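Small disclaimer: the values here were computed from a predicted structure and weren't measured. Only this structure's heavy atoms are used, side chains among them; waters, hydrogens and symmetry mates stay out.
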Amino acid sequence: MIMLSRSVEIPESEIELTAIRSQGAGGQHVNKASTAIHLRFDIAASSLPAFYKERLLTATHHLITGDGVVVIKAQEYRSQEMNREAALQRLVNLIQELSTVEKARRATRPTRASKERRLEGKARRSSTKSMRGKVQ
């Protein structure tokens, strides 16, 4: 079980992990060992609550395909186990990031003093620039 919060968890059976060969330089080790992890998680078929599913399916994120499948490739580490942990952590971070509800912004107006300071600064800059002209 992968814990997202105290009440929400994902069974590991819903996450498809595949070991693949890593990219890039590395010699014999990289050519022979399948240390990279390819994680696939189908949002619609998961047991996540409806709120989480809705937020994830409506989000536009480069890790989520058009079909609603999260695809993560982890190959930062040389060991398969560390890449597996990194992929699962990235999945948890993605779900938590996309499911947080941001506070609504309250419209505010500038204070009278701040307006006066702004206008005073503009007048000061204007006079400084007008003094740079030719002397007559």
Problem - I10 versus F41, closest heavy-atom pair with distance - result: CG2-CE1, 3.8 Å
Problem - Atom of E76, atom of A86 and distance for their closest heavy-atom approach - result: OE1-CB, 3.5 Å
Exercise for the section: Any chance you could measure I95, atom CD1, to Y52, atom OH, to the nearest 0.5 Å? Expected result: 9.0 Å
Problem - Q96 atom CD, over 12 foreign heavy atoms within 6.0 Å - result: yes
Problem - Reported CD1-to-CG distance for the pair I37 and L88, which is rounded to 0.5 angstrom - result: 8.5 Å
Practice task
With sequence neighbours left out, write down each residue that passes salt bridge (Lys or Arg N to Asp or Glu O under 4.0 Å) with R112, or none if nothing qualifies.
Solution key: E116
Practice task
State, to 0.1 Å, how close V8 and P49 come at their nearest heavy-atom pair, and which atoms those are.
Solution key: CG1-CD, 3.9 Å
Fill in the blank from the handout: Heavy-atom nearest pair, A59 first then L98, reads CB-CD1, 3.9 Å
Handout entry: Pairwise side-chain contact, L17 with I15, heavy-atom cut-off 4.5 Å (strictly under)
Key = yes
Fill in the blank from the handout: Between the NZ atom in K73 and the OG1 atom in T18, the distance rounded to the nearest 0.5 Å is 12.0 Å
Practice task
Under the salt bridge (Lys or Arg N to Asp or Glu O under 4.0 Å) rule, collect the residues that match up with R84, sequence neighbours excluded.
Solution key: E12, E81
Exercise for the section: Output, in order, the C-alpha distance, side-chain angles, deciding distance and verdict of side chain to side chain contact (heavy atoms under 4.5 Å, CB included) for L63 and V71. Expected result: CA-CA 6 Å; L63 295 176; V71 179; over 6 Å; no
Problem - Min side-chain heavy-atom separation Q75-T35 under 4.5 Å - result: no
Practice task
Starting at CZ of R55, measure out to CD1 of I43 and round the result to the nearest 0.5 Å.
Solution key: 13.0 Å
Practice task
Report yes if some heavy atom in the side chain of V101 is under 4.5 Å from a heavy atom in the side chain of F51; otherwise report no.
Solution key: yes
Practice task
State plainly whether one hydrophobic cluster holds both L39 and V92, where clusters connect Ile, Leu, Val, Met, Phe, Trp and Tyr through side-chain heavy atoms under 4.5 angstrom apart.
Solution key: yes
Exercise for the section: Indicate whether the side chain of S130 and that of S127 have a donor and an acceptor atom separated by less than 3.5 Å. Expected result: no
Practice task
For D42 and V69, indicate whether the former's side chain and the latter's backbone hold a donor-acceptor pair under 3.5 Å.
Solution key: no
Problem - Which atom of L56 lies closest to which atom of I64, heavy atoms considered - result: O-CD1, 3.6 Å
Problem - Q80 side, atom CD; S34 side, atom OG - distance, nearest 0.5 Å - result: 7.0 Å
Exercise for the section: For the residue pair E85 and M82, establish whether any side-chain heavy-atom pair is separated by less than 4.5 Å. Expected result: no
Problem - Min side-chain heavy-atom separation V70-L94 under 4.5 Å - result: yes
Problem - CZ on R124 to OG1 on T128, rounded to 0.5 Å - result: 8.0 Å
Problem - Test item: side-chain donor near acceptor, E14 and S47, under 3.5 Å - result: yes
